[in-house]
Amino acid sequence: EHFEKWLADGSVPLFKSMSELVLSYLLVILVGEDFYKRYSDELVPRMAQFERDLQHPVLRLVPNSLWGLTRPGRAILKTRGRFEELIAAELKDILESPEKHKGRGDYFYYVTTQCGDEHAPAYGSHIMSLVFGGHANAAMTVPWMLLHARRTPGALDRIREEALEPTDVRKPYLEACLRDSIEELRRRIFQKR
């Protein structure tokens, strides 16, 4: 759906679009496609804003216990609360209607079927931590890789060809480009420090 939207729009804000794609993909992997379809219009923008709010300079000065007194802190708490509410509802549905969810392959389903509701209060925070742990690297690396590939004749075509191959097929060029982008980003970050 993201690629179709990008094609229809004609131009793509690369970093924002890749960030939304990665957040969407992580929600599908972690909480399932049905959850994603029901809540993505609400959650993807909220989670993107959550990450921006976390970078607000005032939160570096204020202890975590006082974040609720700041605008970005209140927004963070509100988003976290909403996410925890949705995860709790999903858990309740899984536990009350096990046949409806049978065969799901997402992480949340696996965890809940193994642990039940014993750790329910922690599920929302745990899933959010996984989303943000997986988001930043992918959301930054892929756009930079694509921008660098535009400078090399034939590179984008080669990346596209390998990206469209089945998941079980090795993709040495794509992997090399990603590794090179990660290494370049790491070098630039540590060079500034």
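All figures in this text were calculated on a predicted structure; none of them were measured in a lab.
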Point to revise | Results of side-chain hydrogen bond (donor to acceptor under 3.5 Å, both in side chains) for His135 - residues two or more places apart only | key: Ser19, Glu51
Review point. Okay, side chain of Arg104, backbone of Val31: is any donor-acceptor separation there less than 3.5 Å?
Key: yes
Practice item. Using ring-ring contact (aromatic ring centres under 6.0 Å, His included) as the criterion, list what pairs up with Phe83, not counting sequence neighbours. Key: none
Practice item. Give a yes or no answer on whether the side chain of Glu162 reaches the backbone of Tyr173 with a donor-acceptor pair at less than 3.5 Å. Key: yes
Exercise for review: Measure the spacing between CZ of Phe35 and CG of Leu30 and express it to the nearest 0.5 Å.
Suggested key: 10.5 Å
**Study point:** Check against side chain to side chain contact (heavy atoms under 4.5 Å, CB included), Met47 and Leu26
**Key:** CA-CA 11 Å; Met47 294 177 106; Leu26 287 166; over 6 Å; no
Review point. Is there a donor-acceptor pair closer than 3.5 Å between any side-chain N or O of Thr70 and the backbone N or O of Gly73?
Key: yes
Review point. With no hydrogens and no angle check, is any side-chain donor or acceptor of Lys16 less than 3.5 Å from a backbone partner on Leu14?
Key: no
**Study point:** Side chains of Thr79 and Phe50 in contact at under 4.5 Å (non-hydrogen atoms)
**Key:** yes
Exercise for review: Assess whether atom CZ of Arg74 is packed by more than 12 heavy atoms of other residues, nucleotides or ligands within 6.0 Å.
Suggested key: yes
Review point. So, does Thr112 use its side chain to make a donor-acceptor pair with the main chain of Tyr109 at under 3.5 Å?
Key: yes
Review point. What distance do Tyr107 atom OH and Ile127 atom CD1 have between them, rounded to the nearest 0.5 Å?
Key: 6.0 Å
Exercise for review: Please check if atom CZ in Phe15 has more than 12 non-hydrogen atoms from other residues, nucleotides or ligands closer than 6.0 Å.
Suggested key: yes
Review point. Can Glu96 and Lys92 be counted as an ion pair, charged N to O under 4.0 angstrom?
Key: yes
Practice item. For Arg52 and Gln49, test the side chains for any donor-to-acceptor distance below 3.5 angstrom and give the result as yes or no. Key: yes
Check your understanding: Is the shortest distance from a Lys or Arg side-chain nitrogen in Glu42 or Arg82 to a carboxylate oxygen in the other one below 4.0 Å?
Key -> yes
Exercise for review: Inspect the contact between Asp157 and Arg160 and indicate whether a charged nitrogen and a carboxylate oxygen are less than 4.0 angstrom apart.
Suggested key: yes
Review point. Trp67 side chain to Leu77 main-chain N or O, any donor-acceptor pair under 3.5 Å?
Key: no
Check your understanding: Using 4.0 Å as the upper bound for N to carboxylate O, is an ion pair formed by Glu99 and Lys102?
Key -> yes
